**Student:** 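Next up is a structure, given as structure tokens.
Heavy-atom basis, side chains included; hydrogens, waters and symmetry copies ignored. Proteins come first, then strands; the chains are lettered A, B, ... in the order of their sequence lines, and each starts at number 1. Values in this document were obtained by computation on a predicted structure and should not be read as measured data.
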There are 2 protein chains.
Amino acid sequence: MNIQQLVDRGLKIKTYTKDSVIYEPGMQPRYVYFIKTGEVRMVTVSDEGKEFIQGVFKAGQHFGEPALLINRPYLAFTITNKDTQLIAVNKEDFFSLIKNEPDFSMNLIQTLSQRLFYKSMMLEELANEKADHRLLTIINYLLHDITEGENLKVTRQELADMTGLRVETVIRGVKMLAGKGLIKTVKGKIVKG
Amino acid sequence: MNIQQLVDRGLKIKTYTKDSVIYEPGMQPRYVYFIKTGEVRMVTVSDEGKEFIQGVFKAGQHFGEPALLINRPYLAFTITNKDTQLIAVNKEDFFSLIKNEPDFSMNLIQTLSQRLFYKSMMLEELANEKADHRLLTIINYLLHDITEGENLKVTRQELADMTGLRVETVIRGVKMLAGKGLIKTVKGKIVKG
DNA sequence: CACTAAATATGACACAGATCATAATTTTGT
DNA sequence: ACAAAATTATGATCTGTGTCATATTTAGTG
């Protein structure tokens with residue numbers, strides 16, 4: 001099932017401006033959201049206001065399935081990173097997608113597996129590893145998605161919010177890793193290759 | 001799909017004694033494991049030998065799907081907590097289960113969703129929260145599975161390995177939480193109610 | 001019931017990373 | 001090309017939890 005097919009079925013496209021909140025912790029889930037254009041981040045926020053990035057979702061992807069499927073209130077905020085168009089698919093329709101479209105079902109299983117893999121990796125890092133190790137792991141993970149010579153389009157703050165560290169620690173850590181030759185930086189940007 | 005049906009199909013039951021390693025990090029996954037009897041833990045281990053418990057799986061459950069489904073080497077060890085009987089289902093059979101048994105497929109999706117939920121919760125805790133908060137969160141999570149008056153059958157070491165803390169910190173933390181009346185303990189055991 | 005092993009407990013000290021303050025650099029918008 | 005904003009950078013402290021050492025209590029075994 002892709003976006004076009006959902007549109008063909010007559011589902012409405014909702015438009016959100018950058019930094020809109022789609023849902024927040026405690027809300028009872030009613031939809032799965034398919035992203036037509038734009039990008040969202042899923043973040044949990046501590047009492048002291050510190051953010052942790054649970055995931056980032058882009059055009060063509062969907063989010064919010066787990067809470068809907070196990071019928072539990074959301075744990076996280078989901079917030080648009082850019083102007084974003086979403087299609088909200090209700091519970092009934094989503095369940096029938098799973099039941100009636102084997103390809104979609106298989107795809108969903110693999111998507112969930114991938115997310116589990118990432119979270120397992122990060123849990124190990126947060127539970128057991130120090131700042132430098134955490135940073136190197138995420139950076140290498142993110143470098144997979146880009147080509148030689150390109151640079152990572154993430155700020156130190158975002159790296160901090162993915163690793164549970166503070167910006168200052170990330171800044172010092174990245175500098176140290178670059179010094180040791182474990183990563184390459186150009187004008188502060190982390191570069192692949 | 002349940003264990004009996006797998007046996008009926010002629011799949012072999014393999015027996016492992018307590019503390020046997022089923023698979024370890026780096027190995028290429030070939031099977032999904034269904035547990036007939038016993039219990040296994042999935043743990044990642046840091047360079048310094050510190051364990052983190054990624055999950056515990058009991059009779060009737062299966063494990064090892066994500067790595068197989070996305071075709072990536074294991075991140076974790078899986079080790080039996082007791083004498084355990086397993087049925088190893090190969091990739092082909094597992095994929096055909098998903099394709100041909102809609103109920104199994106739906107069930108798997110919900111299982112994966114539940115695991116994601118747990119991991120998201122723990123990531124937030126490890127990234128943003130201090131020892132006491134982490135402890136209270138896990139303890140409350142574990143208390144869900146037992147009835148009033150019963151006590152948690154986990155050691156402080158196991159709590160430590162689930163939260164990324166050290167035993168001593170868990171011991172002090174549990175004592176503190178009990179002192180504040182946030183949890184109840186009897187002879188050191190954490191009791192529900 | 002005694003003996004042993006495992007789990008819980010407690011104190012003293014060390015240290016990675018948080019926190020706070022302030023500055024330099026790079027990016028963005030007009 | 002310039003100003004404002006965002007990001008990166010750096011130094012000085014503070015602090016929660018790790019580390020180490022040793023003791024006490026509880027559980028398990030013949």
**Student:** Does R166(A) get its side chain close enough to the base of dT15(D), under 3.5 Å, for a donor-acceptor pair?
**Tutor:** no
**Student:** Taking R115(A) first and then E65(A), would you say they form a salt bridge - that is, a charged N and a carboxylate O separated by under 4.0 Å?
**Tutor:** yes
**Student:** Counting the atoms with a prime plus P, OP1 and OP2 as sugar-phosphate, which does G164(B) contact under 4.0 Å by heavy atoms, base, sugar-phosphate, or nothing?
**Tutor:** sugar-phosphate
**Student:** When rounded to the nearest 0.5 angstrom, what is the spacing between CD1 in I183(A) and CG in L136(A)?
**Tutor:** 7.5 Å
**Student:** Expressed in angstrom and rounded to an integer, what is the separation of I171(A) atom CD1 from dT26(C) atom C1'?
**Tutor:** 13 Å
**Student:** Can you check the L159(A) CG to dT8(D) P distance for me, whole Å?
**Tutor:** 8 Å
**Student:** If I take atom NZ in residue K175(B) and atom P in nucleotide dT25(D), what distance separates them, rounded to the nearest angstrom?
**Tutor:** 10 Å
**Student:** Quick check for you: among dT27(C), dT10(C), dT19(C), whose closest atom lies nearest to any side-chain atom of K189(A)?
**Tutor:** dT27(C)
**Student:** Any idea how H62(A) and F104(A) line up, ring-wise: parallel (<30°), tilted (30 to 60°), or perpendicular (>60°)?
**Tutor:** tilted
**Student:** Just how far, in rounded Å, is P of dT17(D) from CG of L126(B)?
**Tutor:** 12 Å
**Student:** If you take atom types as modelled and just measure distance, does the side chain of R134(A) reach the base of dG17(C) with a donor-acceptor pair under 3.5 Å?
**Tutor:** no
**Student:** Starting the side chain at C-beta, find the nucleotide from dA16(C), dT8(D), dG18(D) nearest to T155(A).
**Tutor:** dT8(D)
**Student:** Can you tell me which nucleotide in dT8(C), dT19(C), dG18(D) comes closest to the side chain of L165(B)?
**Tutor:** dG18(D)
**Student:** Would you kindly give the CD-to-P distance between E125(B) and dT17(D), to the nearest whole Å?
**Tutor:** 12 Å
**Student:** Does either side chain, that of T78(B) or that of Y23(B), offer a donor lying less than 3.5 Å from an acceptor on the other one?
**Tutor:** yes
**Student:** Rounded to the nearest 0.5 Å, how far does OG of S96(A) lie from CG of N90(A)?
**Tutor:** 9.0 Å
**Student:** Side-chain N or O of K130(B) less than 4.0 angstrom from OP1 or OP2 on dT15(D)?
**Tutor:** no
**Student:** For the side chain of T169(B), counting heavy atoms from C-beta on, which of dT10(C), dT17(D), dT10(D) is nearest?
**Tutor:** dT17(D)
**Student:** Using whole Å, what does the distance between atom P of nucleotide dG17(C) and atom CG of D132(A) come to?
**Tutor:** 7 Å
**Student:** Rounding to a whole Å, what distance do you find between E168(B):CD and dA7(C):P?
**Tutor:** 14 Å
**Student:** Just how far, in rounded Å, is P of dG11(D) from CZ of R172(A)?
**Tutor:** 9 Å
**Student:** Indicate whether OP1 or OP2 belonging to dT8(C) is found under 4.0 Å from a side-chain N or O atom of K187(B).
**Tutor:** no
